[in-house]
Visitor: 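Let me give you the structure first, and then I'll get to my questions.
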Amino acid sequence: MSDLSMVFEGAAGQGVQTITRMLLPVLKNCGHHVFACTEFMSRIRGGSNTTEIRVTEKPRQAYVRRIDMLFALSPKAHEHLDRRIDADTLVFAESEQCAVPAKGNCIETPVKALALEAGSPVFSNTVVAGMVLGLLAIPPEELDAFLHDRFQEKGEEIVLKNIAAARLGFEWGRKCPAAGSIKLPRIEFGGSAAELLMDGTAALGIGVVAAGCNFISSYPMSPSTGLLTFLAEKSDAFGVVVDQAEDEIAAINAGLGASYAGARAVVTTSGGGFDLMQEGVSLAGMLELPLVIHIGQRPGPATGLPTRTEQGDFNLVLHAGHGEFARVVFAPGTLEELIHLAQRAFAVAHRFHIPVFLLTDQFLLDAETSMEAGAIHRFPLEEAIVETGKEYLPYLFTEDGLSPRGVPGYGAGLVRADSDEHSEAGFITEDFDVRRRMVEKRLARLGPLREQALMPTVTGLIDNARTLVVGWGSNRGVIEEALDLLGDPRVAGLHFSQLFPLNPAVASLLGERKLIVLENNPTGQFAGYLAIETGKNIAGRILKATGEPFSVEEVLEALRKEVGHE
Amino acid sequence: MSDLSMVFEGAAGQGVQTITRMLLPVLKNCGHHVFACTEFMSRIRGGSNTTEIRVTEKPRQAYVRRIDMLFALSPKAHEHLDRRIDADTLVFAESEQCAVPAKGNCIETPVKALALEAGSPVFSNTVVAGMVLGLLAIPPEELDAFLHDRFQEKGEEIVLKNIAAARLGFEWGRKCPAAGSIKLPRIEFGGSAAELLMDGTAALGIGVVAAGCNFISSYPMSPSTGLLTFLAEKSDAFGVVVDQAEDEIAAINAGLGASYAGARAVVTTSGGGFDLMQEGVSLAGMLELPLVIHIGQRPGPATGLPTRTEQGDFNLVLHAGHGEFARVVFAPGTLEELIHLAQRAFAVAHRFHIPVFLLTDQFLLDAETSMEAGAIHRFPLEEAIVETGKEYLPYLFTEDGLSPRGVPGYGAGLVRADSDEHSEAGFITEDFDVRRRMVEKRLARLGPLREQALMPTVTGLIDNARTLVVGWGSNRGVIEEALDLLGDPRVAGLHFSQLFPLNPAVASLLGERKLIVLENNPTGQFAGYLAIETGKNIAGRILKATGEPFSVEEVLEALRKEVGHE
Amino acid sequence: MSDKQTRFDMPPHTDVAWCPGCGNHMLLTAVKEALDDLGIDPRQLVMVSGIGQAAKAPQYINANMFNGLHGRALPAALGIRLSNRNLVVVVESGDGDMYSEGGNHFLHAIRRNFDVTMIIHNNMIYGLTKGQASPTSPIGMRTPVQVKGVIPEPFNPLAVAIALDAPFVARAFAGDIAQTRSVIAEAIRFKGCSIVDVFQPCVIFNKLNTYKWFREHTCSLPEDHNPEDRMAAFALAIQHEPLPLGIFYRNGKRALYEDQAGITETPLYRQPPPGDDEFEKLIDAYR
Amino acid sequence: MSDKQTRFDMPPHTDVAWCPGCGNHMLLTAVKEALDDLGIDPRQLVMVSGIGQAAKAPQYINANMFNGLHGRALPAALGIRLSNRNLVVVVESGDGDMYSEGGNHFLHAIRRNFDVTMIIHNNMIYGLTKGQASPTSPIGMRTPVQVKGVIPEPFNPLAVAIALDAPFVARAFAGDIAQTRSVIAEAIRFKGCSIVDVFQPCVIFNKLNTYKWFREHTCSLPEDHNPEDRMAAFALAIQHEPLPLGIFYRNGKRALYEDQAGITETPLYRQPPPGDDEFEKLIDAYR
Ligand SMILES: Cc1ncc(C[n+]2csc(CCOP(=O)(O)OP(=O)(O)O)c2C)c(N)n1
Ligand SMILES: Cc1ncc(C[n+]2csc(CCOP(=O)(O)OP(=O)(O)O)c2C)c(N)n1
Ligand code: SF4
Ligand code: SF4
Ligand SMILES: [Mg+2]
Ligand SMILES: [Mg+2]
């Protein structure tokens with residue numbers, strides 16, 4: 001087996017995430033590539049949530065529909081996962097806890113009994129983790145350190161009981177007749193590729209901290225709150241000012257006030273909260289203030305499906321805020337890209353004095369993956385603040401439209417920022433000529449922004465390809481894997497992690513190839529934009545809007561259809 | 001002379017609008033076509049504002065840069081109007097009040113002296129109106145009725161003094177040596193074309209009232225406040241509930257609450273206020289509630305130029321609100337279209353249960369024009385509310401995606417509206433399949449909306465034309481007039497008053513002609529959209545972003561350049 | 001939880017997404033019973049809410065529902081009432097929803113004094129988004145965002161409402177269903193803007209303000225409290241320890257917005273559009 | 001208007017867009033003189049405002065300026081203060097700006113208690129948009145939108161501020177430059193969130209609340225008023241006739257947000273980014 005998919009199902013509050021939290025480091029430390037993704041309901045208790053863990057031969061960052069091993073821990077498991085269970089799925093479930101699914105290869109699994117044997121039903125998750133280790137023939141000692149760390153607060157007794165629970169699970173797993181049929185993938189040479197393990201939110205947070213971010217004001221909103229929490233946790237260590245705003249309008253205006261005063265500011269939100277920030281985006285454009293805006297996308301309209309995933313906010317950010325001014329939109333596709341593009345977002349925002357968007361989504365933010373430490377880079381910070389002179393003009397006309405950036409209290413000058421159309425000094429004006437020049441000033445930077453725009457990443461051999469599968473944001477992993485499985489040299493992939501502006505070289509890269517755009521929204525927003533910008537025809541769109549991520553299987557199937565492999 | 005252009009300049013608060021208010025009905029009643037437009041600063045007193053009155057042989061709805069007669073009443077006139085004064089301009093000014101412009105044909109004009117002669121400087125505006133009548137050889141009695149109506153509140157004495165002031169002005173004008181050089185345009189046969197006289201805001205208001213609108217909640221914002229004021233004034237006569245909201249967010253949510261309860265609701269705002277409404281737009285999409293949203297455009301970003309004009313909000317409304325759902329965007333080009341499209345906006349919103357946008361701008365809303373009463377139509381109202389049965393499902397799946405619309409309190413059923421993804425009954429759901437179908441339901445109506453979309457209006461003979469000048473919204477008048485003056489049969493005009501969705505027949509109407517798009521924004525927003533939707537290439541863009549309307553002269557010049565007449 | 005059946009009950013087996021033990025369950029019971037006590041017809045009732053755990057309440061009540069945007073229940077309620085004043089409009093939402101995202105509407109709804117009852121599930125926490133501070137969270141409370149503890153002064157909805165001369169201001173504790181039910185019934189009966197802030201334990205995220213804590217830190221209003229005495233009401237509203245429960249303030253003198261604004265009994269959906277003659281008259285003004 | 005020269009004066013011939021006779025001119029004088037009295041360095045002062053006639057005030061003061069969005073002065077001021085606590089931050093804006101569009105921020109700025117002075121030009125009208133009702137317009141006032149007269153209860157900023165335990169709450173009348181200047185100086189000197197609501201006649205759109213009206217309907221606070229007495233302050237704040245002027249309430253006990261949030265003296269623009277070693281440590285946690 002080159003690819004093992006395990007799914008852990010449970011009600012909200014049952015803590016099945018602890019199982020994955022136990023298993024992922026163990027698997028990673030054994031030298032495996034691991035990837036996990038999560039889907040959950042908008043409730044705190046009850047319902048049916050799952051986490052999928054993939055152990056793979058090659059690094060993968062995608063969701064598969066197929067389940068090799070399912071631990072079904074809630075009564076709703078069957079109903080929720082029916083579509084994903086097939087005859088090959090090993091279903092571990094306890095008939096007492098959970099209606100055993102009709103399909104699949106069911107194995108009666110005494111989770112509760114063993115937990116009780118260890119002392120209490122609260123040990124259930126640890127029992128399951130032990131079972132998995134037993135089934136996969138991984139030494140149970142690998143778990144001990146984790147159990148120590150996690151439970152030491154609660155006292156030595158609890159730690160020991162957890163260790164005992166894990167051992168009970170392990171023994172059961174080891175002896176389970178199914179054990180023989182589950183094989184872990186081969187470990188890559190050296191077995192140390194996977195040094196780091198983190199989730200998308202942490203990757204984003206690391207990038208933001210690396211960028212020297214020192215201010216966040218935001219209002220909680222799934223799935224974007226993680227960045228606020230991350231920075232709050234790191235606030236002392238990294239000197240980040242953290243303010244929970246009363247609403248999103250306050251958040252972005254506080255961010256802009258901070259930016260005006262010289263902070264490196266970020267705000268985080270999701271589509272609905274971002275709607276409320278749009279006037280602030282327009283203000284950033286007018287005042288020429290750097291600001292990084294993170295949008296964790298989720299399915300709309302309105303409240304929609306608050307805990308699920310979609311890529312529906314591209315058009316929204318592209319045109320957010322009334323009036324015209326320059327902006328940049330990034331959409332990282334992997335956790336590495338999250339770290340890198342968060343840094344780039346700050347660099348671009350501060351070099352060009354503009355709002356810069358980071359588009360992620362629930363799938364990417366909650367995805368957990370192992371990665372090479374060497375693949376993570378820190379980019380040097382550019383400092384762009386000048387000491388003002390007595391005659392400082394915050395909106396000085398210059399050739400490239402960028403005026404030296406002063407901040408209040410630093411230098412002999414005064415810094416005036418005015419949301420009305422303004423003179424070079426920052427005062428309100430109604431002079432038509434100044435107006436015209438200011439409009440041009442605010443747009444002129446799109447020239448260099450285009451030239452410096454990131455090119456898309458190619459998967460496969462583009463020179464031979466007659467078809468290009470185009471994706472953006474969180475779909476990088478699923479496209480790469482599907483193309484790998486498709487193994488058709490006539491088809492290559494192209495992943496955009498910068499969506500706006502596009503590099504002028506993109507058009508020639510696309511050439512005359514057939515373009516298939518894949519995105520997780522109902523109309524193909526980026527496809528439409530790519531067509532205008534490059535003048536190319538989009539031959540096909542692979543779209544989705546159910547709230548679920550694309551699975552490798554469905555993409556493969558869709559590609560087969562598109563390229564006629566059926 | 002087939003076209004006379006008079007400009008009245010004065011400081012804010014000086015009341016020069018009274019002059020146009022006196023003259024326009026007089027001119028109209030003489031059988032002339034009149035058009036007036038206004039530009040003013042964002043202040044209540046001081047500065048330099050102007051109104052232009054055009055008396056034209058043919059009906060015209062456009063601004064001309066040329067000034068035949070200028071009454072310069074404030075000290076800032078020269079500075080403000082320098083660009084528009086040429087050797088042919090007759091400048092009427094009083095050296096005591098106003099620095100006499102260097103250029104132009106200056107005529108010392110004793111406004112203050114005559115006003116004092118009539119009793120007080122407050123009669124200045126009446127004196128000027130009288131002067132104009134004298135210069136144009138229109139009997140001064142034509143003014144008397146107006147002066148009666150306007151001043152009767154203040155007593156008979158004031159009325160008589162105003163009449164006297166008008167006579168003094170008239171006498172001066174009649175005797176003025178310049179009088180001979182000013183000729184009024186020929187009056188069309190019958191002389192009664194111009195039955196009505198109103199401004200854009202009134203036209204919009206009339207359309208909204210005609211549409212059966214009975215609810216408005218809005219927050220003041222130039223240039224959109226006029227609709228709120230219009231409906232407030234008519235609230236008793238037409239049973240319109242009027243609520244001044246605490247902010248724009250409240251306004252749109254109140255509008256949606258009202259719509260849910262069965263009202264025919266409108267909200268009015270401008271770009272910045274609309275930014276704040278976007279989450280509400282998304283809610284309208286999700287709840288499938290009809291709502292008409294009027295946006296009086298003004299130059300952004302941020303506060304921008306609050307009292308000036310621009311067409312910068314097309315992209316904004318096209319993508320407003322997170323998530324995807326159907327919408328319609330209208331942009332009336334004349335006062336007649338304002339009346340008709342306001343009605344159509346309500347009809348479409350209520351037929352399809354969607355938000356519908358009416359895009360206007362300061363230029364159009366403040367423009368005043370004479371028009372034929374016969375050209376104004378009232379469209380019948382469709383009623384779409386059903387009495388609910390016991391098993392009423394507000395989001396019932398149907399073939400065309402439209403569910404019968406019930407309202408609370410009417411029928412045996414319950415009406416549940418949920419901003420979360422919901423079941424047919426309106427309850428929160430996370431069922432992926434229901435989600436998919438609901439997304440499709442909300443978008444399906446775009447099919448019929450496209451089929452029913454208004455086709456653009458053609459100016460000239462399109463069959464012979466090799467070039468098409470495309471415009472939208474308030475630029476209809478200026479394009480029509482410029483094409484008329486250009487008089488080139490190879491060039492025709494196309495005016496879109498429905499911007500989204502486009503009728504599928506538009507592409508073939510465009511054919512292979514060279515397309516020049518004219519719009520008052522810095523990047524050509526509609527041009528970009530037209531290109532994607534029709535797959536056509538846009539050969540040229542005539543753009544502007546100074547805060548001023550396009551003038552006939554500059555459009556003519558630009559067209560000459562584009563079609564090689566230079 | 002009481003087992004009384006009400007006409008506002010949902011079918012059995014309705015999936016309620018709240019956690020077991022949450023104060024919301026009791027508050028829901030109190031609301032349904034209060035509505036039942038008043039003999040309201042479910043078809044004439046609109047339950048309006050924003051987004052949050054509390055805001056799900058209308059999903060579990062057999063009535064019309066407008067479950068709108070986070071923080072925006074009140075403007076929607078206003079639009080509904082002004083369009084049809086025969087409807088009973090009850091807003092039920094959370095402390096974050098009503099006092100943070102919706103703070104501005106809270107002020108201006110009270111200023112208007114239209115007939116609405118606000119029931120605020122005050123659990124002093126953001127439940128649905130997993131435990132950040134709400135405007136009513138106590139100073140010092142630690143959360144994943146407030147890592148050093150909450151800093152701002154808790155929002156005092158009663159004091160602010162009394163400062164705005166809200167005509168009906170009350171507080172209840174969800175743990176006491178009977179009293180909550182009677183306060184809510186009074187509030188709904190009251191013609192005008194009535195506010196009932198209800199202490200509601202969140203058993204998952206708020207480990208400070210538990211059932212026990214509320215029992216220990218609340219008391220009844222003094223027996224002799226005169227709810228028409230605004231100063232006394234204010235003094236009790238700013239009292240910290242213990243926190244009184246009951247009807248703090250009543251002002252029967254404020255005019256009803258609907259009456260002042262000339263809202264008639266005819267719902268807007270029944271209002272005939274202007275006739276052609278009326279339309280002609282409108283146009284005539286521009287001749 | 002006084003002719004005192006201050007270091008906050010703009011060059012002569014600066015075009016001031018306010019109407020002749022407007023109360024804004026006097027208030028501007030009072031503000032500049034108060035700033036001058038305090039010996040503040042214009043380069044260390046940021047004047048923050050929203051949009052409106054009042055909100056133009058910073059355009060006429062020789063200092064740094066953040067003239068942001070309508071209603072959003074306070075969050076911007078917060079961002080500025082938290083990024084550089086050496087700056088003196090003064091918010092100057094209108095009654096519509098601060099109490100209507102910005103009402104939510106008014107509540108939550110007070111809750112935080114960061115060091116900011118709010119000067120609200122309360123002309124009881126929307127000036128810049130030509131005369132619609134503001135939240136403080138008196139009941140019954142007719143405007144082009146409020147054709148039947150204003151219905152809602154006027155917003156009482158002082159009572160609400162005191163209900164929120166705002167630590168410095170005052171009212172002044174622009175017609176009295178000397179007193180306004182001294183109250184504003186006190187407010188700026190106060191470390192924390194201070195609110196000065198200033199009655200400001202709009203000579204164009206508000207024909208009710210004229211200079212004369214304000215003179216006839218205001219009085220000084222009672223000599224013996226103790227501003228630390230919250231109940232007394234509240235009683236005076238809800239007093240209608242006459243309307244007292246002066247410092248209603250002071251609460252020196254509230255902690256400063258900046259201190260609680262650990263904001264250091266080093267402005268954020270000077271703060272070095274994390275070193276490579278710190279960055280390594282951050283990553284290490286994920287090994
Ligand atoms: C505009 C917007 N911002 C943020 C959110 C995310 N959100 C949903 S509920 C909620 C807060 C819930 O707190 P509360 O109102 O106290 O309700 P509770 O869950 O505690 O009952 C937030 C911030 C949202 N849905 N919409
Ligand atoms: C989001 C937004 N909504 C509305 C406006 C329009 N607007 C500008 S100033 C103003 C009100 C001004 O009133 P106030 O704050 O009292 O100031 P004043 O002019 O009376 O001094 C309004 C509604 C705006 N600029 N932005
Ligand atoms: S999270 Fe808290 S408020 Fe929400 S349902 Fe659970 S206990 Fe109740
Ligand atoms: S409109 Fe009123 S507030 Fe504005 S400047 Fe004129 S007098 Fe002052
Ligand atoms: Mg809460
Ligand atoms: Mg005001």
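Numbered from 1 within each chain, the chains take letters A, B, ... in sequence-line order.
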Visitor: Rounded to the nearest 0.5 Å, how far does CE of M277(A) lie from CD of Q278(B)?
Guide: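 Atom-to-atom, Q278(B):CD and M277(A):CE are 13.0 Å apart.
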Visitor: For the interface with chain B, which of G285(A), G321(A), A531(A), G547(A) has the highest count of heavy-atom pairs at distances below 4.5 Å?
Guide: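 Heavy-atom pairs under 4.5 Å are most numerous for G321(A).
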Visitor: Measure distances from Q297(A) to the heavy atoms of chain B and classify the residue's part below 4.5 Å as side chain, backbone, both or neither.
Guide: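 When you check distances to chain B, no heavy atom of Q297(A) falls under 4.5 Å.
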Visitor: Here's a test for you: under side-chain contact (heavy atoms from CB on, under 4.5 Å), which of I295(A), N315(A), V317(A), D313(A) qualifies with H322(B)?
Guide: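 Filter result, single survivor: D313(A).
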Visitor: Do the rings of F432(A) and H80(B) sit parallel, tilted or perpendicular, given the 30° and 60° boundaries?
Guide: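 Tilted.
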Visitor: Taking atom CD of E279(A) and atom CD of E248(B), what is their separation to the nearest 0.5 Å?
Guide: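 Answer for the CD-CD pair, E279(A) versus E248(B), is 7.0 Å.
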Visitor: Are E310(B) and R435(A) close enough, and set up right, to give a salt bridge (charged side-chain N to carboxylate O under 4.0 Å, His left out), and what steps lead you there?
Guide: CA-CA 12 Å; E310(B) 190 163 294; R435(A) 159 71 183 176; 2.7 Å; yes
Visitor: Under a 4.5 Å heavy-atom cut-off, does chain A meet the side chain of T307(B), its backbone, both or neither?
Guide: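 The answer is the side chain of T307(B).
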Visitor: State which residue, out of R436(B), R442(B), E324(B), E440(B), fulfils the side-chain contact (heavy atoms from CB on, under 4.5 Å) condition with P522(A).
Guide: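 Of R436(B), R442(B), E324(B), E440(B), side-chain contact (heavy atoms from CB on, under 4.5 Å) with P522(A) is met by E324(B) alone.
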Visitor: Check each atom of L443(B) against the heavy atoms of chain A and say whether the ones under 4.5 Å are side chain, backbone, both or neither.
Guide: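 For L443(B), the side chain is the part near chain A, not the backbone.
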Visitor: Is there a side-chain contact between R308(B) and E421(A) (heavy atoms, below 4.5 Å)?
Guide: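 They are not in contact (no side-chain heavy atoms under 4.5 Å apart), so the answer is no.
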Visitor: Can you tell me which portion of R83(B) sits under 4.5 Å from chain A's heavy atoms? Options are side chain, backbone, both or neither.
Guide: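 Contact with chain A involves the side chain of R83(B) alone.
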Visitor: Quick one: what part of P306(B) sits under 4.5 Å from any heavy atom of chain A, side chain, backbone, both or neither?
Guide: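 For P306(B), side-chain heavy atoms alone lie under 4.5 Å from chain A.
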Visitor: Could you tell me the separation between the CG atom of D431(B) and the CG atom of L305(A), rounded to the nearest 0.5 Å?
Guide: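 Atom-to-atom, D431(B):CG and L305(A):CG are 10.0 Å apart.
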Visitor: CG/D433(A) to OG1/T546(B) distance, rounded to the nearest 0.5 angstrom?
Guide: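 Rounded to the nearest 0.5 Å, the CG-OG1 separation comes to 9.5 Å.
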Visitor: At a 4.5 Å cut-off on heavy atoms, which part of I249(B) comes close to chain A: side chain, backbone, both, or neither?
Guide: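 For I249(B), the side chain is the part near chain A, not the backbone.
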Visitor: Against chain A, label F325(B) side chain, backbone, both or neither, depending on which of its atoms sit under 4.5 Å from a heavy atom there.
Guide: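 Contact with chain A is through the side chain of F325(B) alone.
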